[in-house]
Amino acid sequence: MQSRGSADQSHPLFGGALTAVLPHSAKDTSELREIPDNQEVFVHEHTDQSLIVELVEYQSQVENEDAARYHFEDIAGSNKALEPGAFEVTSVVPMSKSQLSLSDCSSAWMLTGTQCVSKFNEEARNSVTLHLGLFRLPQFSTDVLITFNDPQRINPDSSSAASAETHRQPWTVQEFQRLLQTMTLHNPGLFG
């Protein structure tokens with residue numbers, strides 16, 4: 001008998017083509033704003049944490065852990081955090097395929113790093129720990145990228161300052177790892 005607790009409930013992503021167990025209090029932002037078709041974005045209801053599941057083009061020119069760094073730097077570029085000292089990779093570790101539901105991947109990586117980012121083109125910059133999960137699917141010309149943004153220091157002038165005060169039950173790295181481990185592919189047609 002399956003438990004009815006939301007703790008173990010898989011959430012459909014991309015119309016059910018993928019599923020994963022999301023952390024508690026995850027709110028789908030597509031109800032609030034326009035999200036690109038290749039992304040699923042969730043925010044924590046009470047903190048400024050967010051999760052992004054993204055389908056990106058497979059980067060054949062970079063291998064293994066370098067691919068995780070490539071995507072991290074790409075995100076840093078999007079976050080305008082590329083100047084020296086604005087981003088740093090602290091670890092890149094392989095994820096054991098025996099612990100993953102998404103066993104179709106050629107390799108899987110988890111990167112942890114920090115970026116100094118501002119929201120909505122504000123001057124105020126926030127220090128954010130990024131946990132990045134990368135599933136490499138060369139057979140579908142796709143990299144599946146899961147980013148967990150975990151703000152560490154919120155600038156008082158940032159629009160995020162108000163939510164930073166209410167750190168009620170923030171998501172943990174363990175919950176992020178559970179999401180990665182439970183990511184399951186149901187419909188390869190998702191990749192075109």
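Note: hydrogens, waters and symmetry copies are ignored here, and every other heavy atom, side chains too, is used.
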Parallel under 30°, tilted from 30 to 60°, perpendicular over 60°: which one fits the rings of H44 and H24?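 If you compare the ring of H44 with that of H24, the planes turn out perpendicular.
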Minimum heavy-atom distance between [X] and [Y], given as atom pair plus value:
{"X": "L13", "Y": "A20", "answer": "CD1-CB, 4.1 Å"}
{"X": "Y58", "Y": "T142", "answer": "CB-N, 3.3 Å"}
{"X": "F72", "Y": "T114", "answer": "CZ-O, 3.6 Å"}
{"X": "L100", "Y": "A108", "answer": "CD1-CB, 3.5 Å"}
{"X": "A68", "Y": "L132", "answer": "O-CD2, 4.1 Å"}
{"X": "V62", "Y": "A67", "answer": "CG2-CA, 3.7 Å"}

Enter the distance from [X]:[atom1] to [Y]:[atom2] here, rounded to the nearest 0.5 Å.
{"X": "T19", "Y": "H186", "atom1": "OG1", "atom2": "NE2", "value": "2.5 Å"}
{"X": "H71", "Y": "E54", "atom1": "NE2", "atom2": "CD", "value": "9.0 Å"}
{"X": "D150", "Y": "W171", "atom1": "CG", "atom2": "CH2", "value": "9.5 Å"}
{"X": "L102", "Y": "M183", "atom1": "CG", "atom2": "CE", "value": "7.5 Å"}
{"X": "S101", "Y": "L18", "atom1": "OG", "atom2": "CG", "value": "11.0 Å"}
{"X": "T29", "Y": "Q39", "atom1": "OG1", "atom2": "CD", "value": "8.5 Å"}

Would a 4.5 Å heavy-atom cut-off, applied to side chains only, mark [X] and [Y] as touching?
{"X": "L190", "Y": "F140", "value": "no"}
{"X": "W109", "Y": "V92", "value": "yes"}
{"X": "Q59", "Y": "L134", "value": "no"}
{"X": "I146", "Y": "F176", "value": "yes"}
{"X": "H46", "Y": "Q169", "value": "no"}
{"X": "L179", "Y": "E175", "value": "no"}
{"X": "V41", "Y": "L51", "value": "no"}
{"X": "F135", "Y": "M95", "value": "yes"}

Strictly distance-based, threshold 3.5 Å: is any side-chain N or O of [X] a donor or acceptor partner for the main-chain N or O of [Y]?
{"X": "E65", "Y": "P94", "result": "no"}
{"X": "T112", "Y": "S91", "result": "no"}
{"X": "K97", "Y": "C105", "result": "yes"}
{"X": "D143", "Y": "V56", "result": "no"}

Atom CD of E63 with >12 non-hydrogen neighbours under 6.0 angstrom: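 Open.
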Tell me if the CD atom of Q174 is crowded by more than 12 foreign heavy atoms within 6.0 Å.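 Yes.
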Side chain to side chain contact (heavy atoms under 4.5 Å, CB included) between F191 and Q139: does it pass, once the steps are laid out? CA-CA 10 Å; F191 305 121; Q139 69 276 37; over 6 Å; no
Review point. According to a 4.5 Å side-chain heavy-atom criterion applied to Ile, Leu, Val, Met, Phe, Trp and Tyr, with indirect links allowed, do I52 and I35 form part of one hydrophobic cluster?
Key: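 Same cluster: I52 reaches I35 through Ile, Leu, Val, Met, Phe, Trp or Tyr contacts under 4.5 Å.
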Common cluster, I75/Y70, ILVMFWY with side-chain heavy-atom separation under 4.5 Å: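 No; Y70 is not reachable from I75 via cluster members.
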Review point. Side chains of N149 and S50: donor-acceptor distance under 3.5 Å anywhere?
Key: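 Side-chain D/A pair, N149 to S50: present.
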Discussion item. Using the rule given for side chain to side chain contact (heavy atoms under 4.5 Å, CB included), can you reason through L180 versus F148, listing the C-alpha separation, both sets of side-chain angles and the distance that settles it, and then say yes or no?
Written reply: CA-CA 11 Å; L180 298 178; F148 169 26; over 6 Å; no
- Are the charged groups of R69 and E73 less than 4.0 angstrom apart, N to O?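 Salt bridge absent between R69 and E73.
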- Query: Does the side chain to side chain contact (heavy atoms under 4.5 Å, CB included) test come out yes or no for E40 and D28, once each step is laid out?
  - Reply: CA-CA 8 Å; E40 292 269 1; D28 187 342; 4.3 Å; yes
